[in-house]
Each structure stands twice: as C-alpha cells, then as structure tokens.
Amino acid sequence: MKLSIVLWPDPVLLQGTDSITEVDDDLRAAVGEMRRVLFEERGVGLAAPQVGIAKRLMLVCPSGNPGDEFVVINPEIAEAEGNELGDEGCLSFPGMFGEVPRATAIRVTYQDLDLRTREMELTGWVARIFQHELDHLNGEVFIDRMTPESRAAIEEDLEALRARAPESP
Ligand code: ZN
C-alpha cells in the first residue's frame, strides 16, 4: 500500500467517513503510510480522507516531530469552550493559509490503535489541529470555516486547484 495526499475538491474529502470497529492489518498499514506521508509533507495533522480513506481515523502531531504523533480513532468532542482566530493551512490545499475560528479548549474522547477509549483536555494549538482534522472526518474542510477576508484572499488559488482536478464538480 502506497498512499499519497488527495487534493481538494476530490469527493473523498467532502463525503464524510465511517466509524472503525476493528483494527486489522490493513488499518495498521494505512496508519503507517499516514505517518510517512505526514512527516514527508511536514504536516502537524492528517486525516484518513486526505489519503483517500473514508474512515474515522486521524493523526495529530502538534510538534511536527516524528514519534510525537498520536493516532486518533472515532473522535468526538464532548465539550468545547472559548473561540479564537488562528492561522491554518491544509495539506489538501497546497500553499493556502487563512484565519479560522476554533474553540480554545476542548474535551475529547477517541480510541487508540488498540481501540482503548481515551479522554483528553486540549487547548490552543493542539485543540486547533484536533478540530481541523475532525472536520475532515465529517466531510468539512477549512475553507468552509475561514473568515470571509481570508477566503477572498485565496479564491484565485482555489479556482486554480479546482481547474487541476480530473473532474470539476
Ligand atoms: Zn486539512
């Protein structure tokens, strides 16, 4: 299995994902590939749809350093508070950045690669990454949440990316 980054507006980024009920060899191989892609692309987070897999699986790595990433399966946000603007990019939108409002602090539950349930309180940067990646699992992308000013600033780049797609929706 060799996976690579899927670019917007590929339908797999926009359709939502299925829950994971079993961790088999295929899923472990997918996680390995996602790790490789994440660090090759120098990202801080990666959701499975971004490599063409429509499942509720994502990696979060606020430091960007290999080994610091955590594998997140079937995530949920149980509580959210605060709201702040911050700059975001996305590996599925090369070279594009913009301001996105996100909750400041979140309490999350998810399962790890052994399907053990975990609970964490996240704030700031890591909370932002978690929310960005969770959006991908719901078929949402950061341009949907961007401030109108930021969205307008990348509109031409978006059109260029859309024109590159094999089939424009
Ligand atoms: Zn993204």
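Counting starts at 1 for both ligands and their atoms, following the listed order. Counting from 1, the numbers follow the sequence of the chain as shown.
With respect to Lys55 and Asp18, no salt bridge is recorded, no charged nitrogen being found less than 4.0 Å from a carboxylate O. With respect to the salt-bridge test (charged N to carboxylate O, under 4.0 angstrom), the residues Lys2 and Glu33 do not qualify.
For the salt bridge (Lys or Arg N to Asp or Glu O under 4.0 Å) test with Arg102, the passing option among Glu133, Glu81, Glu88 is Glu88; the others fail.
A single hydrophobic cluster is seen to contain both Ile53 and Phe39, as judged by linkage of ILVMFWY side chains at heavy-atom distances under 4.5 Å, directly or through other members.
With sequence neighbours excluded, no residue forms a side-chain hydrogen bond (donor to acceptor under 3.5 Å, both in side chains) with Asp87.
Excluding waters, the set of protein N/O/S atoms under 2.8 Å from the Zn ion (ligand 1) reads Cys90 SG, His132 NE2, His136 NE2.
With hydrogens and angles disregarded, a donor-acceptor distance shorter than 3.5 Å links the side chain of Arg56 to the backbone of Leu137.
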